[in-house]
Amino acid sequence: MIGLLLGLGGVNAQPHYKGGDNALNYFLRDNLVYPEYSRQNCISGTIQVSFNVDEVGKLHNVKIYKGMGIDLDDEAIRVLKLTSGKWIVAPDNDLNANLVIPITFNADDTRCRESGNTDIGAAIEAYKARQGLVDAITNYYSNKYQGKADTTKEDQIIALKEQLGFDDDFADRIVKQANRKLKEGDNEGACEDWLFVRNIGSSKADSMLAKYCH
């Protein structure tokens, strides 16, 4: 799950996760939620995330140091943020020192055995290309709920949803993904997923949005 924690600045003792690397490995493995697009398209990879640790062990400036430009980046940031407050910091720690941690995603070996590098590369490019279509859908429904959408374009939006596979099964998988994040204590991440479901025109997450997101 993780490799060597790399320091990009400072010469003092680096912060370390309570319990050591094995505990950090276990935490990340147990709390990582494989993003739906990458899971479906058998995308594996290692994402490097940079961050700072303050004097009480909380993380700041968590961002991608080297990523893939897809949903794995977002999940790597999300799951690392869950470790905030669980780091031990030496008294002489340089609070401005940047640390980098690699987080590896391994696709389902059984289901994805036939996927090669070419397929993964194509899937990554397809993810980037489809983002404009995803935005068109979510912007439409967000505006529709506010009474601002041009409803004459709804047939086009529905066609885009079909093209991207945004059906009831897809919405169910995202709701399940969000529910797991909620169990991990990540209310913000869960609410983002539930809101996404609502903004693709589904009501499947409405009750959870009303209960947990304000």
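None of the values given here were measured: they were computed from a predicted structure. Computation of the quantities below employed the complete heavy-atom set of this structure, encompassing side-chain atoms and omitting hydrogens, waters and symmetry-equivalent molecules.
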### Query
Can you find a pair of side-chain heavy atoms, one from Q40 and one from R173, that are under 4.5 Å apart?
yes
### Query
What distance separates N187 CG from E192 CD, expressed to the nearest 0.5 Å?
10.0 Å
### Task
Can you sort out the partners of N52 under side-chain contact (heavy atoms from CB on, under 4.5 Å), two or more places apart, ordered by chain and number?
N61, N98
### Message
Check this for me: K86, atom NZ, are more than 12 non-hydrogen atoms of other residues, nucleotides or ligands nearer than 6.0 Å?
### Response
yes
### Task
Quick one: closest heavy-atom pair of V49 and F51, and the distance?
O-CD2, 3.8 Å
### Message
Taking transitive links into account, so neighbours of neighbours count too, which hydrophobic residues share a cluster with I88 at under 4.5 Å side-chain distance?
### Response
none
### Message
Tell me every residue that passes side-chain hydrogen bond (donor to acceptor under 3.5 Å, both in side chains) with S202, counting only those two or more places apart in sequence or in another chain.
### Response
none
### Query
Under 4.5 Å between any side-chain heavy atoms of R39 and E36, yes or no?
yes
### Message
Can you tell me how far apart CD1 (I101) and OG (S50) are? Round to the nearest 0.5 Å.
### Response
11.5 Å
### Task
Without swapping roles, check the side chain of Q146 against the backbone of S142 for a donor-acceptor pair under 3.5 Å.
yes
### Task
Using the test side-chain hydrogen bond (donor to acceptor under 3.5 Å, both in side chains), find all partners of H214 that sit at least two apart in sequence or belong to another chain.
none
### Summary
What one should report as the nearest heavy-atom pair of A171 and K204 is CB-CD, 3.8 Å
### Task
Return yes if some donor-acceptor pair links the side-chain N/O of R180 with the main-chain N/O of A190 below 3.5 Å, else return no.
no
### Distance in Å, I124 CD1 paired with Y127 OH, rounded so as to fall on 0.5 Å steps
11.0 Å
### Message
Are K161 and D167 packed together at the side-chain level, in the sense that at least one heavy-atom pair is separated by less than 4.5 angstrom?
### Response
no
### Task
Count the heavy atoms of every other residue, nucleotide or ligand shown that sit under 6.0 Å from CD of E188, and state whether that count exceeds 12.
no
#### Entry: Residue pair L99 / P15, side-chain heavy-atom distance below 4.5 Å
yes
### Query
Honestly curious: do V89 and F27 fall in one hydrophobic cluster under the side-chain, below-4.5 Å linking rule?
yes
### Task
Output the distance between atom CG (D73) and atom CD1 (I103), rounded to the nearest 0.5 Å.
10.5 Å
### Summary
Between F105 and P35 the two heavy atoms that sit nearest each other are CE2-CD, 4.3 Å
### Message
Is there a side-chain contact between S38 and I70 in this structure, where contact means two heavy atoms from C-beta onward sitting under 4.5 Å apart?
### Response
yes
### Task
Flag the pair Y37 / R130 as yes when at least one side-chain heavy-atom distance between them is below 4.5 Å, and no otherwise.
yes
## Note on the structure
Besides L160, the hydrophobic cluster formed by Ile, Leu, Val, Met, Phe, Trp and Tyr side chains linked at under 4.5 Å, directly or via other members, contains L133, V134, I137, Y140, Y141, Y145, I157, I158, L164, F166, F170, I174, V175, L182, W194, L195, F196, V197, I200, M208, L209, Y212
#### Entry: Considering all heavy atoms, the nearest Y34-I43 contact
OH-O, 2.6 Å
### Ion pair check, R198 and D206, cut-off under 4.0 Å
yes
### Task
Looking only at non-hydrogen atoms, find the nearest pair between P102 and T46 and report the distance.
CB-CG2, 3.6 Å
### Query
What heavy-atom pair brings C112 and A107 nearest, and what distance separates the two atoms?
SG-CB, 4.0 Å
### Task
Identify whether M68 and L28 are in the same connected component of the hydrophobic contact network (ILVMFWY, side-chain heavy atoms under 4.5 Å).
yes
Would you mind writing out the side-chain donor-acceptor pairs for residues 76-85 within the sub-3.5 Å range, not counting sequence neighbours?
residue, atom, partner, partner atom, Å
R78, NE, E75, OE1, 2.8
R78, NE, E75, OE2, 3.3
R78, NH1, E184, OE1, 3.2
R78, NH1, D186, OD2, 2.7
R78, NH2, N31, O, 3.1
R78, NH2, E75, OE2, 2.8
R78, NH2, E184, OE1, 3.1
T83, OG1, L80, O, 2.7
T83, OG1, W87, NE1, 3.0
S84, OG, L59, N, 2.9

